Each structure stands twice: as structure tokens, then as C-alpha cells.
Novice: 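The structure under discussion is supplied below as C-alpha cells; questions concerning it will follow.
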Amino acid sequence: EAQVTQNPRYLITVTGKKLTVTCSQNMNHEYMSWYRQDPGLGLRQIYYSMNVEVTDKGDVPEGYKVSRKEKRNFPLILESPSPNQTSLYFCASSFYGASDTLHFGNGTRLTVT
Amino acid sequence: AQSVTQPDIHITVSEGASLELRCNYSYGATPYLFWYVQSPGQGLQLLLKYFSGDTLVQGIKGFEAEFKRSQSSFNLRKPSVHWSDAAEYFCAVVGGSNDYKLSFGAGTTVTVRA
């Protein structure tokens, strides 16, 4: 089944403890992207990747890192999480970019205390 | 930079009634426009998109949207709402085919009453 898989679905952590949210797609998509969703703000793009080893900042990249060593994986790294990063995170992928149909994962709800 | 405004935070509609969700965008040229739907606890699913051509776009689940350049709008409509249409709806814009940034509106939550 074609899908975007995020793990974990729920994560509670403490301030400053490094964490990684994984994202994997099995559709051979070139483009992958991370978003955070906050009430009243919709989804905001954190980082995106046009292809392996090619990444760029979205609208809210501060406090996040990403890597794209393989086409299928695009992990989101929080080196030193803070409470303002408490949010719902979505990974998405498509064949060629944001103008293509995006396929979304089911989300990761992160709480930083 | 492009931006999207969804003026309605929450809409309540009776089952069987019509639904219209508003979306206004800001972008210098003709953008690529999208409507996505998010059911509770789920990721987002594309309902429809507009790139060019016919300004009335048909999507899945009986939805349609109309692009109006003069009003910078891309409103979503459905003639007869079903209880399963209760969800959050997001309008989104990309600045062009080479633009990798997708900007979303704040979303409109639709409640369907029996």
C-alpha cells in the first residue's frame, strides 16, 4: 500500500532532550516536506527536500534540522526541544514538488514539557 | 511571498444543506491553488486543485471550487452535505510550478448537524 509513515504517533519529552521523528514513503517520491500544525495557524512548512541531499528551509525552520540521505526517508530532528515546539507534525511527499498532490502521514503529536 | 486567508474559522451546516468555504489568496501571478481536507486524527487529503484552464474545478467527494482572479478567491462548495463531511478544510497555494513552498490557510472547521 502506498503510504507515508511517521513514527512515533505520540511523543512526550522534556526540554533539551534531543529527539527524532521519522518519516518514510514507499512511492519513490522526489519531494518530501515537514509541517507543523497549530490551532488558528493552519499548517506551516518547516523544511522541504527536492531530492536526496537537497534540502531547504520553509517558513518556520528555527530549532529543527532535517536530512535526506535516502530518497525514502526524511527525518525531523529537534536537537534541543523547547515547549514552543509542542505541536502536531506532518510529513508529506509527492513526485515532483509542492504543486503536485501531496501525500500526508498521519501525524506526530509532540509535547515538550 | 504568497499567503492564504480563510475568513471563517468554524461553520455549522445541516445535513443535506449546501456548503461554501471561502478562501482568498495573495500572489502576484496566477498561483496553483488547492483544497485539502483533514478528518479527525488523520493526515490531509487532497480534494481538488487548480492550475489553469476552466475556472470551475471538480474534486472528490462531490466538492467543487471556483477560481476568480478578479476577487483573488478560490471558494469551495458542495451542494448537499453529508455527516461524513464534518472535518477541517484547508486552502493552500503554491507560487508556481517551480516553487517548492506550500502555504496553507488557518483552516475552517465544518460541523454537520443532523
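All values derive from a computational prediction rather than experimental measurement. Chain naming here is simple, since letters A, B, ... match the order of the sequence lines and numbering starts at 1 in each. Only this structure's heavy atoms are used, side chains among them; waters, hydrogens and symmetry mates stay out.
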Novice: For atom NZ of A/K71, decide whether the heavy atoms of other residues, nucleotides or ligands shown that lie under 6.0 angstrom number more than 12.
Specialist: yes

Novice: Tell me, out of B/G41, B/G43, B/A92, who's got the most heavy-atom pairs with chain A below 4.5 Å.
Specialist: B/G43

Novice: Hey, any chance B/Y32 and B/L44 share a hydrophobic cluster, counting ILVMFWY side chains that come within less than 4.5 Å of each other, even indirectly?
Specialist: yes

Novice: Pick one of side chain, backbone, both or neither for A/R109, based on which atoms fall under 4.5 Å of a heavy atom in chain B.
Specialist: neither

Novice: Using a 6.0 Å cut-off, check whether atom CD1 of A/I12 has over 12 heavy atoms from anything other than its own residue.
Specialist: no

Novice: With a 4.5 angstrom heavy-atom cut-off, is it the side chain or the backbone of B/Q38 that approaches chain A, or both, or neither?
Specialist: side chain

Novice: For A/G40 versus B/A106, what's the shortest heavy-atom pair and its separation?
Specialist: O-CB, 3.4 Å

Novice: If hydrophobic clusters are built from ILVMFWY residues whose side chains come within less than 4.5 Å, do A/F104 and A/L11 share one?
Specialist: no

Novice: Once you round to the nearest 0.5 Å, how far does CG of B/L46 lie from OG of A/S94?
Specialist: 11.0 Å

Novice: Heavy-atom count check: over 12 atoms from other residues, nucleotides or ligands less than 6.0 Å from A/L41 CG?
Specialist: yes

Novice: What's the verdict on side chain to side chain contact (heavy atoms under 4.5 Å, CB included) for A/L43 and B/F90, showing C-alpha distance, side-chain angles and the deciding distance?
Specialist: CA-CA 9 Å; A/L43 282 82; B/F90 294 94; 3.8 Å; yes

Novice: B/F104 vs A/Y35 aromatic rings, parallel, tilted or perpendicular, using cut-offs 30° and 60°?
Specialist: perpendicular

Novice: Grab the two heavy atoms, one from B/Y100 and one from A/Y31, that are nearest each other, plus how far apart they are.
Specialist: O-OH, 2.6 Å

Novice: Can you tell me which portion of B/K101 sits under 4.5 Å from chain A's heavy atoms? Options are side chain, backbone, both or neither.
Specialist: both

Novice: Sort A/Q37 into side chain, backbone, both or neither according to what part of it lies under 4.5 angstrom from a heavy atom of chain B.
Specialist: side chain

Novice: Taking all non-hydrogen atoms of both residues into account, name the closest pair between A/S99 and B/V94 and its distance.
Specialist: N-CG2, 4.1 Å

